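Just below is one structure, and these are the notes that go with it.
Not measured: the values here are computed from a predicted model.
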Amino acid sequence: MNKVWLVAGLGLVLSSMAYANDAPGQNNSGEPIPVNSQQGQHEKSSMSKKADHMAKKVEYQGKKLAKEAKAKYHEYKHEAGPKTHEEIRHIQAKLKEMGYDLGRIDGKIGARTRDAIRRFQAHHGLPQTGKLSPEMLKALFH
C-alpha cells in the first residue's frame, strides 16, 4: 500500500509543478517577465496536457497497485489458516489422535494447543512458532 501512496503523491507533486510552470515567470526583481501571449497560451496548453497525461498515468498505476495489494491480502488471508472454531476443533482432534496432548478439544487456540502445535512442528522440522501455517497444516493432514 505504501507504493500506492508514493505513486499518488509523486503524481500530485508533478502535476502541481507542471501547473505552476504554466504561470508567467518573474525576473530577479519579482516583476513579471513579458511573454508573447500566443506563445504563452501554447506553452500553457502543452504543459496542461502533459500534467493531465501524468495524472492519468498516476491514477492508472495507483489503481493497478491497489488491485495487486487486494489480491495479495486475499491470498494471505486464505493461507493464514483456519478461521472457525469447527476448523480448529478438527485440527485439535488430529493432533490429539497423533499423540499430542492439548487438553480439551474446544475450538480455541490456547496455551496448551500452541504447545502441542510447537511439539508437532519440532517433530516435523518446521519452524516452532506455535501458529498454524500452511506448511504445518499440510504436514498434519498429508
Side-chain angles (χ1 to χ4, degrees), residues 1-98 100 102-142:
M1 292 302 277
N2 288 340
K3 286 183 183 179
V4 173
W5 292 113
L6 178 65
V7 171
L10 181 61
L12 289 172
V13 169
L14 292 173
S15 296
S16 63
M17 288 173 57
Y19 283 115
N21 287 336
D22 286 346
Q26 295 180 346
N27 62 20
N28 291 340
S29 65
E31 298 172 15
I33 297 173
V35 176
N36 176 340
S37 65
Q38 208 171 34
Q39 178 188 3
Q41 288 297 325
H42 176 70
E43 288 176 10
K44 182 176 181 179
S45 174
S46 174
M47 292 301 285
S48 293
K49 287 178 184 176
K50 286 179 185 177
D52 289 342
H53 178 72
M54 291 170 85
K56 286 179 183 177
K57 280 179 75 173
V58 167
E59 181 181 7
Y60 170 77
Q61 287 295 329
K63 286 180 180 179
K64 183 178 172 185
L65 287 171
K67 187 176 180 179
E68 289 172 9
K70 187 176 180 180
K72 288 284 186 190
Y73 167 75
H74 287 294
E75 179 182 316
Y76 168 78
K77 185 178 173 183
H78 178 69
E79 289 183 356
K83 301 289 185 271
T84 67
H85 292 293
E86 187 60 38
E87 291 172 314
I88 295 168
R89 274 193 287 275
H90 184 64
I91 291 164
Q92 288 173 325
K94 183 70 172 177
L95 285 167
K96 196 165 204 166
E97 175 187 311
M98 296 177 78
Y100 297 96
L102 51 80
R104 206 171 110 235
I105 296 174
D106 59 3
K108 297 176 186 174
I109 301 180
R112 292 182 75 181
T113 300
R114 288 206 189 282
D115 185 49
I117 292 170
R118 277 190 203 91
R119 284 183 276 130
F120 176 87
Q121 290 169 330
H123 290 140
H124 290 83
L126 297 169
Q128 298 174 35
T129 62
K131 296 179 181 178
L132 299 170
S133 66
E135 297 81 18
M136 189 259 176
L137 294 173
K138 186 176 181 180
L140 183 63
F141 291 105
H142 293 83

If you look at every heavy atom in [X] and [Y], which pair is closest and at what distance?
X    : Y    : result
K96  : I105 : CD-CD1, 4.0 Å
Q128 : A122 : NE2-CB, 3.3 Å
A116 : L102 : CB-CB, 3.8 Å

Hey, could you give me the [atom1]/[atom2] distance between [X] and [Y], rounded to the nearest 0.5 Å?
X    : Y    : atom1 : atom2 : value
T113 : I88  : OG1   : CD1   : 8.5 Å
I91  : F120 : CD1   : CZ    : 10.5 Å
I117 : L132 : CD1   : CG    : 4.0 Å

Could you pull out all donor-acceptor pairs under 3.5 Å where a side-chain atom in residues 135-142 meets a protein atom, sequence neighbours excluded?
from : atom 1 : to   : atom 2 : distance (Å)
E135 : OE1    : S133 : OG     : 3.4
H142 : ND1    : K138 : O      : 2.9

Practice prompt. Take R114 and I109 through the side-chain contact (heavy atoms from CB on, under 4.5 Å) test and state the conclusion after the steps.
Written response: CA-CA 6 Å; R114 288 206 189 282; I109 301 180; 3.6 Å; yes
Discussion item. Under a 3.5 Å distance rule, please check whether E87 uses its side chain to pair with a backbone N or O of T84 as donor and acceptor.
Written reply: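 Confirmed, E87 side chain pairs with T84 backbone.
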Item to complete: Please check if the side chain of Q121 supplies one atom and the backbone of G130 the other of a donor-acceptor pair under 3.5 Å.
Response: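 Judged by distance alone, yes, a pair lies under 3.5 Å.
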Worksheet item: According to the salt bridge (Lys or Arg N to Asp or Glu O under 4.0 Å) rule, which pairs have a member within residues 118-129, sequence neighbours left out?
Response: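 Checked against salt bridge (Lys or Arg N to Asp or Glu O under 4.0 Å) - neighbours excluded - the pairs reaching residues 118-129 are D115-R119.
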Item to complete: Kindly state each residue pair satisfying salt bridge (Lys or Arg N to Asp or Glu O under 4.0 Å) with at least one member in residues 103-112, sequence neighbours excluded.
Response: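 Every pair satisfying salt bridge (Lys or Arg N to Asp or Glu O under 4.0 Å) with a residue in residues 103-112: D101-R112.
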Worksheet item: Just wondering, more than 12 heavy atoms not from H53 lying within 6.0 Å of its NE2?
Response: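 At most 12 heavy atoms, drawn from other residues, nucleotides or ligands, come within 6.0 Å of this atom.
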Practice prompt. Report yes if the side chains of E97 and K94 come closer than 4.5 Å at any heavy-atom pair, otherwise no.
Written response: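 With C-beta onward as the side chain, the pair touches.
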Discussion item. Checking R89 against H85 for the side-chain contact (heavy atoms from CB on, under 4.5 Å) test, could you report, in this order, the C-alpha distance in whole Å, the side-chain angles of both residues, the deciding distance, and whether it holds?
Written reply: CA-CA 6 Å; R89 274 193 287 275; H85 292 293; 3.8 Å; yes
